[in-house]
Amino acid sequence: MSTSTAAPEGAAVKASWTPMIGLFLAQMLMSFNVAVLPVSLGGMVESFGASPTTVAGTIVVYGLVVAALVMVGAKTGQRLGWLRVFRAVIVLFAVSSVVMLVAPSVGWAIAGQGLAGASAAIIVPALVALIAENYRGSQQATAVGSLGSARALSGVSAFLIGGALASTVGWRPSFAIVLGIAVVVFLLSFTLRGDEGDAGIEIDFVAAALIGAAIVLITVGFQNLNAWGVWFASPDAPFDIVGVSPAPLLVLVGLVVGQGFFLWTRARVRAGRTPLVDLSVLGSSSERAAVYAMFIVVAMEAALNFTVPLYIQIVQGRSAFDTSLAMLPFNLTVFITATLVVRFYKRFSPRVIGVASFVLTTVALVWLAYVVSNNWETAPTIIGLIVFGIGQGALVTLVFNVLVTSAPKELAGDVGSIRGTTQNLASAVGTAVIGAILVSLLSIGIGNAVAHQTGVPDSLVAQVDLDKVDFVRNDQLREHLESTTDASPQQIDRAVEVNEDVRLRTLKYGLLVLAILSATAILPASRLPRYRPHEIPDPAGAGG
């Protein structure tokens, strides 16, 4: 009898790592595309003449589309065959990078990222399913862990390469790199093996509509909290209900529709029909804790990756490469930790690693809120970013491994879709919420400052629309005040000084908000499993 890859680990034939290179690069493809967007923020604002929060819509729409479609993507892969569909959507992702290269307006850029998100909705579950089909035993655990490393490596390379390109030749060439990676992944896909799919698998379009609507409602609601009003409707709100802003109402309705998805899915399972996603992958408290932890981890990372470029490029007016250097300690630490944390699985359980990691991220964010200044390159700030990166890097790999190793092989695609929905919804919500929080805090801070600062006369305050506060550079603020008010140079200097002080305090408060978010995840992390992650179990061994 020939040796099978399903044999015990000691007797198993080691599979070639060449196919995994393609899957590793596929994860890099998606992650590099997303990570390069914040670095390109300043260049896109200048190219399109749009506000930072509008340009941030490219980040939000990518995450929204992936989260809304990934469950349908998982079932599509199971029905048509993972490998065949994987190749098709890699081509589609390449097309999205071409759209970014030629985009004449921010609308085109948002459309390009929507196309990339639709492609990633299948790539995300395909990665897990193809790993399950091509690797076993310790190789499988290593392959799963490498996806976290690929994601972290993309952050490092996107900030360095994307920052250097954006500072020298512009933001668009970064997407030529995305195009190149897509071509390489397509060629390497021919080294993978995959099944032919199962044409008998049903796609539950009612559940797809429910989960898609829920994610769109929640994301759009969070995205427009600042523009439409956090509670009371602003003049820019498209409508209001007895004076209440539609933004929080959309979030509430989205949560209700999301509950409808779970009720419908459970009813479908009881009727003996195939659900859009098998909820048994969230059957235990430890699995649900892993999903919650994953949401917090990705939301924090998205918020930080939006906040730092916003502050350095838009507020301080520095280059994209300066942003890359400022974020390098964080991104490099995440990459190294995500790569090495698998070595600690033999000594420590996911519960211990998870709790310790969230404690680290909480302490680091509080520290950063205390020490951060207008100069990001200070030693205390770098130390804070490194500590935060250690916790973040460990969590990126850990929570995904917990989900994958707790599910039988035939549910690998469902695990991938849960991962994709959680990560991309968290990324979209994290970016949208931190943007709304920062602008709201800035508006409140400036309103309080001008009410109590004697150096800014009432006559100047009366000429400024405090309902349209946003993050701008000092030179832009000076130019605006000089052209729209009759303030003296001394009064303008004082107004700029007040704005600069409020911006820094806003940043500190924003970091404290993230610290609170991190702290809320410590308790659920204590419900992660005590066992050591090993491999995606075979169906025969997971029947119980």
Novice: So do the side chains of M28 and V185 get within less than 4.5 Å of each other, counting heavy atoms only?
Specialist: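 In short, these two side chains do not touch, never coming nearer than 4.5 Å.
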
Novice: Going by heavy atoms in the side chains, are I522 and V355 under 4.5 Å from each other?
Specialist: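 They are in side-chain contact.
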
Novice: Taking C-beta and beyond as the side chain, do F222 and L225 meet within less than 4.5 Å on heavy atoms?
Specialist: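 Counting from C-beta outward, F222 and L225 do come under 4.5 Å.
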
Novice: Closer than 3.5 angstrom, by distance alone: can the side chain of T337 be matched with the main-chain N or O of V334 as a donor-acceptor pair?
Specialist: no

Novice: Using 0.5 Å steps for rounding, measure from the CG atom of N331 to the CG atom of L328.
Specialist: 7.5 Å

Novice: For N224, enumerate each residue passing the side chain to side chain contact (heavy atoms under 4.5 Å, CB included) test, keeping only those at least two apart in sequence or located in another chain.
Specialist: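 With sequence neighbours excluded, N224 shows a side chain to side chain contact (heavy atoms under 4.5 Å, CB included) to V220, A227, W228, given in chain and number order.
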
Novice: Closest approach of I90 and A182, non-hydrogen atoms and distance?
Specialist: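 Reported closest heavy-atom pair: CG2-O, 3.3 Å.
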
Novice: Going by the rule salt bridge (Lys or Arg N to Asp or Glu O under 4.0 Å), which residues pair with R505 if we only count those two or more places apart in sequence or in a different chain?
Specialist: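 Only D501 meet the salt bridge (Lys or Arg N to Asp or Glu O under 4.0 Å) criterion with R505.
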
Novice: Could you walk me through whether V341 and L398 satisfy the side chain to side chain contact (heavy atoms under 4.5 Å, CB included) test, starting with their C-alpha distance in whole Å, then the side-chain angles of each, then the deciding distance to 0.1 Å, before giving a yes or no?
Specialist: CA-CA 8 Å; V341 70; L398 175 74; 5.7 Å; no

Novice: Going by atom types only, do S31 and Q27 share a side-chain donor-acceptor pair under 3.5 Å?
Specialist: yes

Novice: What distance separates T219 OG1 from L64 CG, expressed to the nearest 0.5 Å?
Specialist: 4.0 Å

Novice: With sequence neighbours excluded, tell me which residues meet side chain to side chain donor-acceptor pair (under 3.5 Å) with R273.
Specialist: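 R273: side chain to side chain donor-acceptor pair (under 3.5 Å) contacts with E202.
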
Novice: Would you call Y62 and M30 a side-chain contact if the rule is heavy atoms closer than 4.5 Å?
Specialist: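 They are in side-chain contact.
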
Novice: Checking R288 now: which residues fulfil salt bridge (Lys or Arg N to Asp or Glu O under 4.0 Å) with it, not counting sequence neighbours?
Specialist: none

Novice: Could you check whether any side-chain N or O of T421 sits under 3.5 Å from a backbone N or O of I418, counting only pairs where one atom can act as donor and the other as acceptor?
Specialist: no

Novice: Quick one, T333 with L385, criterion side chain to side chain contact (heavy atoms under 4.5 Å, CB included). Give me CA distance, side-chain angles, the key distance, then yes/no.
Specialist: CA-CA 8 Å; T333 305; L385 288 173; over 6 Å; no

Novice: Considering non-hydrogen atoms only, spot the tightest contact between T381 and L368 and give its length.
Specialist: O-CD2, 3.5 Å

Novice: Taking the side chain from S40 and the backbone from V36, do they hold a donor-acceptor pair closer than 3.5 Å?
Specialist: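 Yes; judged by distance alone, with no hydrogens or angles, the pair exists.
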
Novice: How long is the straight-line distance from CG of L69 back to CD1 of I211, given to the nearest 0.5 Å?
Specialist: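 Going from CD1 on I211 over to CG on L69, the span is 11.0 Å.
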
Novice: Given side chains that start at C-beta, do those of L276 and F261 come closer than 4.5 Å, heavy atoms only?
Specialist: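 With C-beta onward as the side chain, the pair touches.
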
Novice: Once side chain to side chain donor-acceptor pair (under 3.5 Å) is applied, do any residues pair with S280, and if so which ones, sequence neighbours excluded?
Specialist: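 Residues passing side chain to side chain donor-acceptor pair (under 3.5 Å) with S280: D278.
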
Novice: Check whether any side-chain heavy atom of L304 lies under 4.5 Å from a side-chain heavy atom of F388, and answer yes or no.
Specialist: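 L304 vs F388: side chains touch.
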
Novice: Tell me, with the steps shown, if L23 and N134 meet side chain to side chain contact (heavy atoms under 4.5 Å, CB included).
Specialist: CA-CA 11 Å; L23 299 179; N134 286 267; 5.5 Å; no

Novice: If you look at every heavy atom in P125 and A121, which pair is closest and at what distance?
Specialist: CD-O, 3.2 Å

Novice: Parallel under 30°, tilted from 30 to 60°, perpendicular over 60°: which one fits the rings of Y135 and W17?
Specialist: parallel

Novice: Kindly compute the distance separating CG (L80) from NZ (K75), expressed to the nearest 0.5 Å.
Specialist: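 Output value for this atom pair is 12.5 Å.
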
Novice: Sorted by first residue and then second, give each side-chain hydrogen bond (donor to acceptor under 3.5 Å, both in side chains) pair with at least one member in residues 254-267; sequence neighbours left out.
Specialist: D204-W264

Novice: Could you check whether atom CZ of F344 has more than 12 heavy atoms from other residues, nucleotides or ligands sitting under 6.0 Å from it?
Specialist: no

Novice: Y292 and A521: which non-hydrogen atoms are nearest, and at how many Å?
Specialist: CE2-CA, 4.0 Å

Novice: Would you indicate whether the side-chain heavy atoms of F358 and V297 approach each other to under 4.5 Å?
Specialist: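 In contact.
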
Novice: Determine, step by step, whether W367 and V387 satisfy the side chain to side chain contact (heavy atoms under 4.5 Å, CB included) criterion, reporting the C-alpha distance in whole Å, the side-chain angles of both residues, the deciding distance to 0.1 Å, and the verdict.
Specialist: CA-CA 10 Å; W367 171 260; V387 173; over 6 Å; no

Novice: Would you tell me whether T18 and T191 have side-chain atoms, one donor and one acceptor, within less than 3.5 Å of each other?
Specialist: no

Novice: Would you say that E287 contacts V281 through its side chain, given a criterion of any heavy-atom pair below 4.5 Å between the two side chains?
Specialist: no

Novice: At what distance, to the nearest 0.5 angstrom, does CG of N33 lie from OG of S96?
Specialist: 6.0 Å

Novice: Roughly how far, to the nearest 0.5 Å, is CG of L507 from OG1 of T307?
Specialist: 7.0 Å

Novice: Please determine whether side chain to side chain donor-acceptor pair (under 3.5 Å) holds for the pair R527 and S286, giving the CA-CA distance in whole Å, both sets of side-chain angles, and the decisive distance to 0.1 Å.
Specialist: CA-CA 5 Å; R527 300 175 66 183; S286 63; over 6 Å; no

Novice: List the atom of A118, the atom of V65, and the distance in Å for their closest heavy-atom pair.
Specialist: N-CG1, 3.3 Å

Novice: Look at the side chain of R79 and the backbone N and O of I203, then say whether any donor-acceptor pair between them is shorter than 3.5 Å.
Specialist: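 No; judged by distance alone, with no hydrogens or angles, the pair does not exist.
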
Novice: Considering all heavy atoms of both residues, which atom of R351 and which atom of L528 are nearest to each other, and what is their separation?
Specialist: NE-O, 2.8 Å

